[in-house]
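Positions are given from 1 along the sequence. Keep in mind the model is a prediction, meaning the values are calculated, not measured.
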Amino acid sequence: MFKRFDTDAIFQRLALLAVAAFLIVVLALPLGTLFEKSFRDRDGVWVGLANWVRYLETPSLVGSLWNTIWVSALATAIVVPLAFVYAYALTRTTMRWRGLFRAVGLVPILAPSLLPAISLIYLFGNQGFARWMLMGETVYGPIGIVIAQVFYCFPHAFLILATALSIADKRHYEAASVLGAGQTRIFLTVTLPGVKYGLVSAFFVVFTLVATDFGIPKVIGGRFNVLATDIYKQVVGQQNFEMGAVVGMVLLLPAMLAFAVDRWVAKRQVALLTARAVPYEPKPNAIRDRALFAFCALIAACILTLLGVAVWASFIQYWPWNTALTLRHYVFSNADASGWEAYWNSLQMSALVATFGTAAIGVGAWLVEKTKGAGILRGAVHLLAMIPLAVPGLVLGIAYIFFFNAPSNPLGFVYGTMAILVLNTIAHFYTVAHLTSLQALKQMDPEFESVSASLKVSVWRTAWRVTLPVASPAALDVWFYMFVNSMTTVSAVVFLYGPFTKLASVSIVNMDEAGFTASAAAMGVVVVLTSGFAKILHSLLAAYLAKRTQAWRAR
């Protein structure tokens, strides 16, 4: 007869094995199948490096790789400085309306990546009312891609840099002032070194987002090919799955490199705050605050303009010949056979992903953090959980085609159903949610479990009665993160939907392809409103949970 704590330990290890098996099925095996498929021909015959040689001998495909690299680098070079100044203004000044500017800066997260591209068509397209601003250049190509990517990636860089800038020790600045350093020197020798790791992380996150995004180049890329659109053309347009596998592996390389460098940088980072640190409090500076206020107002105006144009376009009868207002673009059955069903499918999938994903990821993080012993197994689960951060959605999507659609796979019955969309989306956004849950659990003193063990209380009961309530705000954050990303994702699911499981984001792509740009904008607006409502609900629930479960933090 096992004692209770022995039984708990056995069940924890079994649960860890179950989590590891889940991650292997939804991540490792599909990616392994994709890699193996790149060495086979259309009939499944092993051809070695023939597909890779054909890829390197095709100028258009190699050109797409170069296009992806330089466009990603250019967009990153624009986004990171803009986000840094914006974050600096909100964290290191006393200017007004910082809360409003922060909210506006995060608005693009609520929108599908295709929405800014659609807005740019109305602004700078062939019939755009501001096309004169491009001085004869076309928005269909690298110019449009870069502008849209700046909008799409800005909040991601802003969040990273705002977090980095919010951590500062006032004593460092006081010491620099006493030594006679001016404001410029203090900025160069104290501020920038303090956020260098945040800058590096922001750089690689933005570069990866641009390189792997599908929606923006699909809508506004024109004849300018990038790796993401090449995969789509090879798989959907030409049914050339083996070459799609090769392009997918090529697209995986820059993402993996960015991930590896970011992890290396994170390991070299040291704590910037000690127990004796004094929180930095910015002092008023009229000239600086006014200048940064003007900068933030300009950035916020650009963000709201792109969003406003999409909203306006969704109500215009037929631009530019008939600008009367109408609601007909919201009758989606006029533009797409699935009509409003695509939106309800997205809502259903997002709710399932958020609910089951939060539960599964939370349990997995708890097992990694709280299981005693089983170091190798815990390490393996954590390693598997980190893989999605380096895997683009398109790559994961095409990997699911090869793995789940294989005739010999007993799990093939989920192909074309809502279940495969849910599994794919959970896997795609697993890492960030896992790290969020893990960080919340690390804040809890291990003494909770020690006291419970001494009182012969099951670890499961302790987790339910103590750990879950304390970590509930983080769980709510994970739920919201999974829900919003599920509503807006397109790259991870564009290959996997069936006749009755088309999603809103996919419907936007199809309507835009068919020439129903206003209807595509309308669907994008509906997604933004849904995500915005979810954010309001998240804020209300977070405030409620803070009062009910976090009162101990005020002691």
*Return the orientation label for the Phe22 and Tyr430 ring planes: parallel under 30°, perpendicular over 60°, tilted otherwise.*
tilted
Which side-chain N or O atoms in residues 377-398 pair as donor and acceptor under 3.5 Å with protein atoms at least two apart or in another chain?
from, atom 1, to, atom 2, distance (Å)
Arg378, NE, Val368, O, 2.8
Arg378, NH1, Gly373, O, 3.3
Arg378, NH2, Val368, O, 3.1
His382, ND1, His434, NE2, 3.1

*Kindly assign one of parallel, tilted or perpendicular to the pair Tyr330 and Phe332, based on the angle between their ring planes and the thresholds 30° and 60°.*
tilted
*So which heavy atom on Phe101 is nearest to which on Tyr86, and how close?*
O-OH, 2.5 Å
*Step through it carefully: locate the ring centre of Phe413, locate the ring centre of Phe404, and say whether they are under 6.0 Å apart.*
no
*Identify, with sequence neighbours excluded, every residue that meets side-chain hydrogen bond (donor to acceptor under 3.5 Å, both in side chains) alongside Ser64.*
Asp230
_Sub-4.5 Å side-chain heavy-atom contact between Asn510 and Phe516_ = no
*Thr229 side chain vs Asn225 backbone, donor-acceptor pair below 3.5 Å*: no
_Closer than 4.0 angstrom, basic N to acidic O: yes or no for Lys218 and Asp512?_
no
*Thr76 side chain to Ser72 backbone, donor-acceptor under 3.5 Å*: yes
Listing, residues 300-311 side-chain donor-acceptor contacts under 3.5 Å, not counting sequence neighbours, or none:
from, atom 1, to, atom 2, distance (Å)
Thr305, OG1, Ala301, O, 2.6

*So Tyr152 and His156, would you call those rings parallel, tilted or perpendicular, with 30° and 60° as cut-offs?*
perpendicular
*Atom of Leu161, atom of Val80 and distance for their closest heavy-atom approach*: CD1-O, 3.8 Å
*asked:* As a quick check of understanding, evaluate side chain to side chain donor-acceptor pair (under 3.5 Å) for Tyr343 and Thr530, giving each step before the final call.
replied: CA-CA 10 Å; Tyr343 169 76; Thr530 303; 2.7 Å; yes
*Sidechain-backbone polar pair: Ser350 side chain, Met487 backbone, donor-acceptor under 3.5 Å*: yes
_Are Tyr400 and Tyr415, when compared by the centres of their aromatic rings, separated by less than 6.0 Å?_
no
*Are the side chain of Asn345 and the backbone N or O of Lys502 linked by a donor-acceptor pair below 3.5 Å?*
yes
*asked:* Given the ring of Phe480, does Lys535 sit roughly above its face, with NZ or CZ under 6.0 Å from the centre of the six-membered ring and within 45° of the axis?
replied: yes
*Using the ring of each side chain (for Trp, its six-membered ring), is Phe495 parallel, tilted or perpendicular to Tyr232, with breaks at 30° and 60°?*
parallel
